[in-house]
Amino acid sequence: DAPAAVGRVAELITGGSTAVSGVLLKSFLAEGQQPPPPQDERPDAAKALKHGVSIADACVGWEATHAALEQLAAAVKARRAAAG
């Protein structure tokens with residue numbers, strides 16, 4: 001679960017760890033994943049797709065992405081403040 005993993009990483013950073021230099025968060029406009037339409041379908045088959053939902057990997061949505069970035073930024077600020 002991405003939000004839980006981000007929380008654990010933020011705790012490490014806040015605690016002073018410098019072992020984390022980056023994160024990979026699979027993010028898209030809307031949460032989830034949907035299969036692409038079959039190649040042999042009519043050209044209008046893509047109309048059945050939900051706008052903003054990945055057709056590749058399962059992703060977190062924009063709101064969760066924003067919250068994760070805010071949490072990680074706060075952790076970095078806390079680490080920097082503690083380091084002086």
Side-chain angles (χ1 to χ4, degrees):
D1 168 63
V6 167
R8 289 190 297 273
V9 170
E11 287 174 5
L12 288 172
I13 294 169
T14 300
S17 176
T18 58
V20 178
S21 60
V23 296
L24 171 68
L25 184 62
K26 294 183 179 188
S27 172
F28 214 68
L29 296 175
E31 179 180 351
Q33 185 267 344
Q34 61 187 334
Q39 293 292 327
D40 61 345
E41 294 248 356
R42 299 181 317 262
D44 64 343
K47 291 180 182 176
L49 295 175
K50 296 176 188 170
H51 178 73
V53 178
S54 174
I55 60 169
D57 297 321
C59 296
V60 296
W62 173 249
E63 291 80 14
T65 301
H66 184 260
L69 293 175
E70 290 288 336
Q71 185 176 15
L72 291 168
V76 170
K77 287 178 185 176
R79 181 179 65 191
R80 289 177 179 166

Between atom [atom1] of [X] and atom [atom2] of [Y], what is the distance when rounded to the nearest 0.5 Å?
| X | Y | atom1 | atom2 | value |
| --- | --- | --- | --- | --- |
| E63 | S27 | CD | OG | 10.0 Å |
| R79 | L12 | CZ | CG | 10.0 Å |
| L72 | K77 | CG | NZ | 12.0 Å |
| T65 | E31 | OG1 | CD | 9.5 Å |

Heavy-atom check, side chain of V6 versus side chain of V23, under 4.5 Å: no
Beyond-backbone contact of L29 with H51, side-chain heavy atoms, under 4.5 angstrom: yes
Any residue meeting side chain to side chain donor-acceptor pair (under 3.5 Å) with S54, in chain and number order, not counting sequence neighbours: none
By side chain to side chain contact (heavy atoms under 4.5 Å, CB included) - contacts of K26 (at least two apart): D57, C59
Backbone of A10 reached by a side-chain donor or acceptor of Q71 within 3.5 Å: no
Exam field: side chain Q34 to backbone L49, donor-acceptor pair closer than 3.5 Å: no
Hydrophobic cluster membership, L69 vs V60, 4.5 Å side-chain cutoff: no
Nearest heavy atoms of A68 and L25, plus distance in Å: CB-CD2, 3.8 Å
Of all pairs that satisfy side-chain hydrogen bond (donor to acceptor under 3.5 Å, both in side chains), the ones with a partner from residues 10-20, not counting sequence neighbours: none
